[in-house]
Amino acid sequence: MTTLSYDATGAAQQALEQHLPVLVEERIATRIFAKDHTLWGPDAEAESAIRLGWVEAATVSQPLVKDILELRDALTSEGVTRIVLCGMGGSSLAPEVIAGTAGVELTVLDSTDPDQVRAALADRLDETAIVVSSKSGSTVETDSQRRVFEKAFNDAGIDAASRIIIVTDPGSPLDKASRDAGYRAVFNADPNVGGRFSALTAFGLVPSGLAGVDIQAFLDEAEEAAEILNDDAPENIGLALGTALGGTSPLRNKIVIAEDGSGIVGFADWAEQLIAESTGKLGTGVLPVVAGPGSPEVTGGAPDVLVVRLVAADADVELGENEVAIAGGLPTQMMVWEFATAVAGRLLGINPFDQPDVEAAKVAARGLLDAQPEPTPAAFVDGAIEVRGGDWLGDARTAGDAVKALLDTLENDSYLSVQAYFDRLAFAQLEGIRDELAAVSGRPVTFGWGPRFLHSTGQFHKGGPAIGVFLQVTAASSEDLAIPDRPFTFGELIAAQAAGDAQVLSDHGRPVLRLHLTDRAAGVAQLQDIIAALSARSASVTES
């Protein structure tokens, strides 16, 4: 039985009271499940008409279960017990949450960092199969990852084709090429589902199921949730959450999602991509901020912030002002948040199914790869950190001065985005600076690992309101890694992705501070010390 609960206070409750009766009267719930592509306005109709397959994904995907489980059993009998997922954005975030919550091992390779790719290659290759997930089949990151694994298998005397599983849209370039290459299996997903809505399609199910998740139970719960949401009633929690996300007035456009005992591992990271890429366009949208229950954004009470707590079903939660608490199992929550995001898009007056600004950074990166320009000279070097920035740097002469100068560009409605383009597994401790920066700045702070965030929050940074301030951190690798049959390396690729994104953000008139760590360990430690010093200084000023 699906368990789902919802509570709201302040602006979220006011939004519910304002919008819920209208949403019920206009039969928005049943119209979404009937795939009514007119709900988001004339300009959105063409895209919406081919992007509403997610409403029935839990049912449509049922026939996949048998084939996935049979393949899992066959791989296990051959001694293949480790699954590596090569995917980006919507192709990787859902399986990572599903596997993590189920407590099964799934290696998610969603990076072009040479060290992170090399580490994935070095771990139990003889027991490994890879799942390469790409809707279009042309994603440069996943293509590069497939190439390097295929070479590694062959070099180790392993039949590469028997260890490569593909998930892609039917008829994509990857679909045909993979069948011609004789790869172990090719799974086609519903082409009428966008990547960030694809958790309940082959993109979410194949890697999760091969890793050991009970995907039959997962789909069964999601089907129950869909039945609950397909109801034009005031009790529809999906409608309620949609009003909180997109219907507050004035709009609280920073949605702080705090894990507070739900037991779902990494859910906020998945929801971050769903919301940011769906709503951040035409100069509007809501920015999801992944935080903890005691983070500064949760306790700060800023007028542009709404807190959503992910709680356990039986939790007795005392909400503060302008907060939401929502409980439910992972499949249920995924259905609810997809549905609520579509509702929020209607309230915001945007098309939640396109991503018009994602391509800009890709084009810029490709141009840099083709041209191979010399790196922009550093404004100065401080220890293990090269500093690059705009005129707003002023007379900064240390990396600490530069960070302080960047924070000084923040305004009352701004947010700070930290973007780290290197190994997110080996240097996960860097994420600890997020809370410190939020406390120092008094503004919401997001933390994204590049290049994976380019496929998610990158849309909001360029298409949403122009209120972002950006701290980009790149890092030198001790050893680069070649990409078979490509004229560029992994190191060159990730450097171009970072530089291209910074270029596009700068072209949008946003402040971008680029810190390049010439030594990873030393640079991370130095940056942590810088932020800690700023935090201590800020606390001292506050106390005095």
Side-chain angles (χ1 to χ4, degrees), residues 1-8 12-42 44-45 47-61 190 192-194 196-201 219-249 255 270-271 274-275 278-279 286 306 308 310 313 324-354:
M1 181 67 182
T2 300
T3 300
L4 185 61
S5 66
Y6 179 91
D7 193 14
Q13 178 62 26
Q14 293 165 13
L16 186 150
E17 293 169 358
Q18 177 184 353
H19 296 291
L20 187 61
V22 178
L23 294 172
V24 171
E25 182 181 353
E26 294 181 347
R27 299 183 299 105
I28 298 303
T30 54
R31 289 169 66 187
I32 287 176
F33 278 90
K35 301 181 184 178
D36 183 348
H37 64 285
T38 67
L39 285 171
W40 298 275
E45 287 188 15
E47 185 75 19
S48 300
I50 58 171
R51 287 291 178 260
L52 287 166
W54 57 271
V55 302
E56 58 183 4
T59 300
V60 171
S61 297
D190 185 347
N192 293 318
V193 181
R196 57 190 176 274
F197 287 82
S198 66
L200 298 165
T201 73
L219 286 177
D220 290 346
E221 181 181 328
E223 276 194 309
E224 288 186 36
E227 292 176 6
I228 293 171
L229 293 169
N230 189 8
D231 184 19
D232 295 311
E235 297 78 23
N236 189 323
I237 287 175
L239 291 176
L241 181 60
T243 67
L245 296 180
T248 53
S249 181
I255 306 296
W270 174 81
L274 173 70
I275 298 167
S278 296
T279 70
V286 290
L306 184 76
V308 179
L310 306 173
V324 166
I326 185 167
L330 175 56
T332 299
Q333 289 273 32
M334 284 180 155
M335 278 300 305
V336 168
W337 284 74
E338 288 177 355
F339 177 85
T341 299
V343 172
R346 178 177 170 86
L347 295 176
L348 291 167
I350 52 92
N351 174 8
F353 306 112
D354 67 349

Notebook entry, point to check: Applying salt bridge (charged side-chain N to carboxylate O under 4.0 Å, His left out), which residue pairs with at least one partner in residues 339-349 are found, sequence neighbours left out?
Noted result: E26-R346
Note to self: Treating T248 as the side-chain partner and A12 as the backbone partner, does any N or O pair qualify as donor plus acceptor under 3.5 Å?
What the structure shows: no
Notebook entry, point to check: Does a side-chain heavy-atom distance below 4.5 Å link T332 with W337?
Noted result: no
Checklist line | Check: A240 main-chain N/O paired with T243 side-chain donor or acceptor under 3.5 Å | finding: yes
Next item on the list: For the residue pair V308 and I326, establish whether any side-chain heavy-atom pair is separated by less than 4.5 Å.
Entry: yes
Check: For A325, does its backbone N or O pair with a side-chain atom of D7 as donor and acceptor, under 3.5 Å?
Finding: no
Margin query: Quiz question: by atom type and distance under 3.5 Å, do the side chains of Q13 and E17 form a donor-acceptor pair?
Written below: yes
Item checked: N/O donor-acceptor pair under 3.5 Å between D232 side chain and A29 backbone -> yes
Notebook entry, point to check: ring-ring contact (aromatic ring centres under 6.0 Å, His included) with F33: which residues, sequence neighbours excluded?
Noted result: F339
Check: Quick check: does any side chain N or O of T279 sit under 3.5 Å from a backbone N or O of V286, one acting as donor and the other as acceptor?
Finding: yes
Next item on the list: Flag the pair L39 / I32 as yes when at least one side-chain heavy-atom distance between them is below 4.5 Å, and no otherwise.
Entry: yes
Note to self: Listing request: all ring-ring contact (aromatic ring centres under 6.0 Å, His included) pairs with a residue in residues 219-243, at least two apart in sequence or in separate chains.
What the structure shows: none
Margin query: Among residues at least two apart in sequence or on other chains, which ones pass side-chain hydrogen bond (donor to acceptor under 3.5 Å, both in side chains) with D36?
Written below: R31, T38
Check: Quick check: does any side chain N or O of H19 sit under 3.5 Å from a backbone N or O of G247, one acting as donor and the other as acceptor?
Finding: yes
Checklist line | T201 side chain to D190 side chain, donor-acceptor N/O pair below 3.5 angstrom | finding: no
Check: Listed by chain and number, what are the side-chain hydrogen bond (donor to acceptor under 3.5 Å, both in side chains) partners of S5, not counting sequence neighbours?
Finding: none
Item checked: Under the side-chain hydrogen bond (donor to acceptor under 3.5 Å, both in side chains) test, residues paired with S278 that sit two or more places apart -> R196
Checklist line | W40 and F353 aromatic ring geometry - parallel, tilted or perpendicular at 30°/60° bounds | finding: perpendicular
